[in-house]
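Notes follow the structure.
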Amino acid sequence: MIQILLGLMALCVLFFLVVIIRDVNRFVTVEYRIPYRGLKKSCCFVMLSDLHNKQFGEHNSRLLEAVEECRPDGVLIAGDMLTSQVSGSFAPALETVSALAEKYPVYYANGNHEYRVKTDTERYEDRYERYAKQLRRAGVVLLENESVLLPETGIRIFGVEIDMDYYKKLRKSVMKVSYLNSLLGRPCADEYNILLAHNPDYFQTYAGWGADLVLSGHVHGGIMRLPVLGGVLSPALRLFPRYDGGLYEEGKSKMVLGRGLGTHTLPIRVFNPGELIVVRLEPERGN
């Protein structure tokens, strides 16, 4: 009996190892269609987050080909394309984003990893400054608490960069709408406001601020996904996080939360492949 149990345990361990290896090295394309009455015309965006220097094929060829198949009007990046390792290379992130910028308009908002590299100059020196300079040279629009208007569609894209206090483990800091106003100003009601906000925990505040659509990442799908229960663990070390991936609504606001593409620290994904997000915005017709 003991030998049978040990054999079953070994099979279970092997099964999970196979799942982890498979899920860490693949991604799926997930599409959302979002109607909105104020849009001037339809448009399609691809959203990437949490690549963490991961490469799917040489020079990220599989990822770039998947983006091309979507034929987007632009690429939106919701942060953490790199990993904030002192001795690590940012080259994979830089190469991938620069390659995207050769074909599409790219709008990039920082996640907590970029923000850490940017603000902790004692450890990282001028690495963020050099990274950002090369991205801008490639044509990438960095949105560091800034916005850009796309006049043909009436869409304004904001990129918010929040303090590290809002990424603390085990507890959630209170974020007020006034804090977002201090960073971004107030959105215009006559525009369709997309907010690139890496941390989805503050969706209610983003909605209260006036975001029509929030695009987020950070949670990595909860690392492991279980039927019914969903994602198991958030980066803040909270079990079964409220926001783990998918489409959420708060009043008139919507949030698309991608499960990211790469991993860091714990290179684990279980029943949780990476995601390339496609958002198709369509004008909603009145009755």
Side-chain angles (χ1 to χ4, degrees), residues 24-25 27 29 45-68 70 72 74-120 124 127-146 157-162 164 167 194-200 215-221 235 256-265 267 269 273-279:
V24 164
N25 292 292
F27 65 90
T29 301
F45 292 107
V46 161
M47 191 271 278
L48 292 80
S49 73
D50 304 281
L51 184 66
H52 289 292
N53 286 319
K54 174 70 177 177
Q55 296 202 66
F56 297 94
E58 187 176 3
H59 305 297
N60 249 326
S61 57
R62 285 197 286 131
L63 179 60
L64 295 174
E65 288 169 6
V67 171
E68 188 169 359
C70 300
V75 175
L76 306 179
I77 294 177
D80 281 9
M81 296 298 280
L82 53 79
T83 300
S84 54
Q85 296 174 334
V86 175
S87 59
S89 171
F90 300 162
L94 180 61
E95 180 183 41
T96 301
V97 178
S98 298
L100 289 168
E102 290 179 3
K103 294 187 175 182
Y104 317 101
V106 176
Y107 307 95
Y108 188 144
N110 287 335
N112 55 302
H113 281 258
E114 288 97 348
Y115 186 73
R116 185 180 294 116
V117 176
K118 178 181 179 179
T119 56
D120 190 351
Y124 299 99
R127 295 185 68 191
Y128 178 81
E129 185 179 335
R130 288 186 280 119
Y131 177 73
K133 183 177 181 180
Q134 289 175 284
L135 287 176
R136 290 191 176 100
R137 188 180 297 156
V140 176
V141 179
L142 284 177
L143 297 174
E144 301 166 299
N145 292 327
E146 297 169 302
I157 303 170
F158 290 83
V160 69
E161 189 176 66
I162 59 177
M164 289 302 295
Y167 290 102
I194 296 177
L195 178 63
L196 304 179
H198 185 66
N199 191 344
L215 299 179
S216 293
H218 188 55
V219 185
H220 294 202
V256 172
L257 172 55
R259 293 171 185 158
L261 288 157
T263 62
H264 71 91
T265 310
R269 283 182 175 269
E275 285 188 342
L276 176 66
I277 300 295
V278 181
V279 176

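Just the heavy atoms: all of them, side chains too, but no hydrogens, waters or symmetry mates, feed the values below. Numbers here simply count residues along the sequence, with the first being 1.
- Under 3.5 Å, the side chains of Glu161 and Asn110 contain a donor-acceptor pair of N or O atoms.
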| request: Decide yes or no on salt bridge (charged side-chain N to carboxylate O under 4.0 Å, His left out) for Glu144 and Lys118, but give the supporting numbers first. | output: CA-CA 11 Å; Glu144 301 166 299; Lys118 178 181 179 179; 3.2 Å; yes

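- Between His52 and His264, the two ring planes are tilted [angle within 30° to 60°].
- Judged by distance alone, the side chain of Thr119 and the main-chain N or O of Tyr115 form a donor-acceptor pair under 3.5 Å.
- A donor-acceptor pair under 3.5 Å is absent between the side-chain atoms of Arg269 and the main chain of Gly221, judged by distance alone.
- Rounding to the nearest 0.5 Å gives a distance of 7.0 Å between CG of Leu257 and CE of Met47.
- Taking the ring centroids of Tyr167 and His218, they lie under the 6.0 Å cut-off.
- Atom OG of Ser89 is separated from atom CG of Leu82 by 10.0 Å, given to the nearest 0.5 angstrom.
- Distance NE2/His113 to CZ/Phe90: 10.5 Å, rounded to 0.5 Å.
- The CG atom of Leu215 sits 5.5 Å away from the CG atom of Leu196 when rounded to the nearest 0.5 Å.
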Can I get a per-line list of side-chain donor-acceptor pairs under 3.5 Å for residues 99-109, giving both atom names and the distance, sequence neighbours left out?
residue	atom	partner	partner atom	Å
Lys103	NZ	Glu68	OE1	3.2
Tyr108	OH	Glu114	OE2	2.5
Tyr108	OH	Tyr131	OH	2.9

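- Residues Asn112 and His198 have side chains that bring a donor and an acceptor to within less than 3.5 angstrom of each other.
- Proximity of a side-chain donor or acceptor of Asn60 to a complementary backbone N or O of Thr96 within less than 3.5 Å is not detected.
- Pairs engaging residues 55-66 under the salt bridge (Lys or Arg N to Asp or Glu O under 4.0 Å) rule: none recorded [sequence neighbours left out].
- A side-chain N or O of Asn25 and one of Lys54 form a donor-acceptor pair less than 3.5 Å apart.
- Between Pro72 and Val67 the shortest side-chain heavy-atom distance falls below 4.5 Å.
- A distance of 10.5 Å separates CG of Leu143 from CD1 of Ile77, quoted to the nearest 0.5 Å.
- Under the rule for a salt bridge (charged side-chain N to carboxylate O under 4.0 Å, His left out), the partners of Arg259 that lie at least two apart in sequence or sit in another chain are Glu275.
- Seen from the ring of Tyr124, Arg116 does not count as a face-on cation partner, given the 6.0 Å and 45° thresholds.
- Residues Leu48 and Leu63 form a side-chain contact, since some pair of their non-hydrogen atoms from C-beta on lies under 4.5 Å apart.
- Between Asp50 and Leu261 the shortest side-chain heavy-atom distance does not fall below 4.5 Å.
- Considering CD1 of Ile277 and OG of Ser49, their distance stands at 7.5 Å, rounded to 0.5 Å.
- Checking side-chain atoms of Ser216 against main-chain N and O of Ala197 turns up a donor-acceptor pair under 3.5 Å.
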